[in-house]
Amino acid sequence: MTDKTMAMTSSEGNWDYPLIPGSVGPEVVDIRKFYGQTGMFTYDPGFTSTASCQSAITYIDGEKGILLHRGYPIDQLAENSTFMEVSYLLVHGELPKAKELDQFTYTISRHTMLHEQLSTFYRGFRRDAHPMAIMCGVVGALSAFYHDSTDITDPEQRMIATHRLIAKMPTIAAMAYKYSVGQPFMYPDNSVSYTGNFLRMTFGVPAEAYEVNPVIERAMRRIFILHADHEQNASTSTVRLAGSSGANPFACIAAGIACLWGPAHGGANEAALNMLREIARPENIPEYIARAKDKDDPFRLMGFGHRVYKNYDPRAKVMQQTAEEVLKELGISDPVLDTARELEQIALKDDYFIEKKLYPNVDFYSGVILNAIGFPTEMFTALFALARTVGWVAQWNEMISDPEQKIGRPRQLYVGATQRDYVEVGER
Ligand code: ACO
């Protein structure tokens, strides 16, 4: 807290509100006493000017295109670290020492299996169920199986729930895929990496040995790291809001999965690839650019634009580079990548996109990579959910341990009918 304040003046009076600095980034105006003092609410649909909490996990400078996890730039983490290291960093605040990393990796590997009875849940879904529908259901159902990690007032139980969620998500996502293609579920193999194990559970079959392709493994690892956390985005805020009531962690993460599914959020990777496929050829791009600019057409360029980034999304840069590498190393020539490259170039030179500061976001190239690896589009958002679980649990833990934590309860600007008397049905 500094002694700086912001003065507010209205016809009703004058008030001073303290300014609180962060370690970097904009200061916030502390309006916690605003309603008590003024009798008014602040109005901010979409929370474009509202900091809902304090957090030490992730920092974004949207104007400069900077993303830091616990201070470390995302491109350095994507290039040099493993997903286990990033998970430890997000949850515990520091990069692990070698021994800590070994212990953490070992602990996660001890939790990769699902309660056997959970596999019967899958059979209740139609074969064509969207994997995100299955993920919402199965992750929510974990609360019914792991009673020893749902007392959120106990830090030890919170950490067990954290480990379980990070460890079981690959198993849950891979089983959703296996169910949709009618292949037997694969049990986890703890002798391979977190990412390798996920690839094996997804693409391996019990009848044959599965060898993890290091190119694909590296790409997958980067994708997981790039999606691991993104401060107070819609799904993370959903997890925090759900958790603020004291709900159990598995239910809170299921709420985050539900929010992530939407095409304006995590569902954009699926929508972006579908759009690139629909565009099909570079010569069709101008038509789609025109549609994106037409106010009367709801069409938007999927994978473009971001609430916070008004510059190139730093994750999109790594993603683009990874897409080029994966396709080259796998010897795949995908016209969708040509369309994506061309679309990006045209949009970046177009006045509409320049003026509105619309740049490719993380979802623009991720679909191209996931498609090359062999994932069906419906699985894209499920992979995002898998990776983002680390951020969700880190943020959930931070919230529960915050002494200032309260149940999240926004107010509203009421614009409905004023008080009136009930009218009998025959007299209406
Ligand atoms: N294509 C065309 N125009 C766009 C796009 C786009 N992708 N994105 C924003 N705009 C325009 C809007 O029409 C609006 O124009 P206006 O001021 O003339 O009305 C202006 O840019 C601002 O857009 P908003 O919707 O007000 O911005 P907001 O911050 O609310 O939305 C969002 C951000 C949802 C990401 C938006 O850019 C979008 O819909 N993008 C496409 C979906 C997408 O890629 N989502 C993934 C986000 S990243 C993630 O969740 C991992």
Side-chain angles (χ1 to χ4, degrees), residues 44-50 58 60 62-63 65 67 69 74 78 132 222-239 256-279 285-320 339-340 343-370 377 380-392 395:
D44 186 18
F47 308 116
T48 53
S49 298
T50 298
T58 292
I60 304 174
E63 296 298 327
L67 169 60
H69 290 320
I74 189 65
M132 287 296 276
R222 278 197 191 161
I223 290 180
F224 285 169
I225 292 174
L226 293 175
H227 286 91
D229 191 52
H230 213 227
E231 56 122 299
Q232 307 312 318
N233 58 85
S235 55
T236 302
S237 300
T238 302
V239 170
I257 295 172
C259 177
L260 185 76
W261 193 357
H265 192 8
N269 51 15
E270 183 175 343
L273 187 71
N274 288 337
M275 176 193 75
L276 291 169
R277 282 185 177 144
E278 194 184 304
I279 297 176
I285 291 172
E287 178 197 332
Y288 284 84
I289 294 269
R291 284 188 61 196
K293 289 156 63 172
D294 182 354
K295 279 231 162 297
D296 299 324
D297 189 332
F299 175 78
R300 284 184 169 200
L301 276 195
M302 298 315 286
F304 253 77
H306 198 275
R307 169 60 63 78
V308 180
Y309 292 117
K310 302 302 165 199
N311 201 325
Y312 212 103
D313 180 338
R315 301 168 301 171
K317 276 195 194 130
V318 184
M319 210 58 105
Q320 181 195 26
T339 308
L343 177 61
E344 178 187 338
Q345 288 314 312
I346 295 177
L348 291 178
K349 286 186 202 121
D350 189 291
D351 283 348
Y352 173 93
F353 291 89
I354 294 170
E355 223 168 82
K356 295 188 189 302
K357 298 185 178 173
L358 299 169
Y359 293 85
N361 60 46
V362 67
D363 293 320
F364 191 64
Y365 284 103
S366 61
V368 177
I369 308 172
L370 296 173
T377 44
F380 293 2
T381 316
L383 301 182
F384 191 159
L386 184 173
R388 183 55 59 85
T389 295
V390 173
W392 289 332
Q395 301 263 356

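Counting convention: from 1, in listed order, for ligands and their atoms alike. Side chains included, hydrogens not; waters and symmetry mates left out as well; all remaining heavy atoms used. Positions are given from 1 along the sequence.
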Extract all donor-acceptor atom pairs below 3.5 Å that involve side chains of residues 347-355 and protein atoms in other chains or at least two apart in sequence.
{"residue": "Asp350", "atom": "OD1", "partner": "Lys293", "partner atom": "NZ", "Å": "3.2"}
{"residue": "Asp350", "atom": "OD1", "partner": "Tyr352", "partner atom": "N", "Å": "2.9"}
{"residue": "Asp350", "atom": "OD2", "partner": "Lys293", "partner atom": "NZ", "Å": "2.9"}

Polar contacts were defined as any N/O atom of the residue lying under 3.5 Å from an N/O atom of the ligand; does this apply to [X] and ligand 1?
| X | value |
| --- | --- |
| Lys310 | no |
| Lys356 | yes |
| Asp363 | no |
| Phe353 | no |
| Gly266 | no |
| Met302 | no |
| Phe304 | yes |

Which pair of non-hydrogen atoms, one from Thr339 and one from Ile285, has the smallest distance, and what is that distance?
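It is O-CD1, 3.8 Å.
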On a heavy-atom basis, which atom in Ala78 and which in Leu226 lie closest, and how many Å separate them?
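Residues Ala78 and Leu226, closest heavy atoms: CB-CD2, 4.0 Å.
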Is the closest protein non-hydrogen atom to atom 21 (O) of ligand 1 under 4.0 Å?
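Looking at atom 21 (O) of ligand 1, one finds that a protein heavy atom does lie closer than 4.0 Å.
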Would a search of protein heavy atoms around atom 26 (O) of ligand 1 find one under 4.0 Å away?
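False for atom 26 (O) of ligand 1.
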Specify side chain, backbone, both or neither for [X], according to which of its non-hydrogen atoms lie closer than 4.0 Å to ligand 1.
| X | result |
| --- | --- |
| Thr48 | neither |
| Lys295 | side chain |
| Tyr352 | side chain |
| Leu358 | side chain |

Give a yes-or-no answer on whether the side chains of Asn233 and Ser237 include a donor-acceptor pair shorter than 3.5 Å.
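Ser237 and Asn233 do not have a side-chain donor-acceptor pair below 3.5 Å.
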Applying side-chain hydrogen bond (donor to acceptor under 3.5 Å, both in side chains), which residue pairs with at least one partner in residues 295-309 are found, sequence neighbours left out?
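Qualifying pairs, neighbours excluded: His230-Tyr309, Arg291-Asp297.
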Phe384 to ligand 1, any heavy atom closer than 4.0 Å
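Within the 4.0 Å threshold, so yes.
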Evaluate the side chain to side chain donor-acceptor pair (under 3.5 Å) criterion for residues Thr381 and Asn269: first the C-alpha distance (whole Å), next the side-chain angles of each, then the deciding distance (0.1 Å), finally the verdict.
CA-CA 7 Å; Thr381 316; Asn269 51 15; 3.3 Å; yes
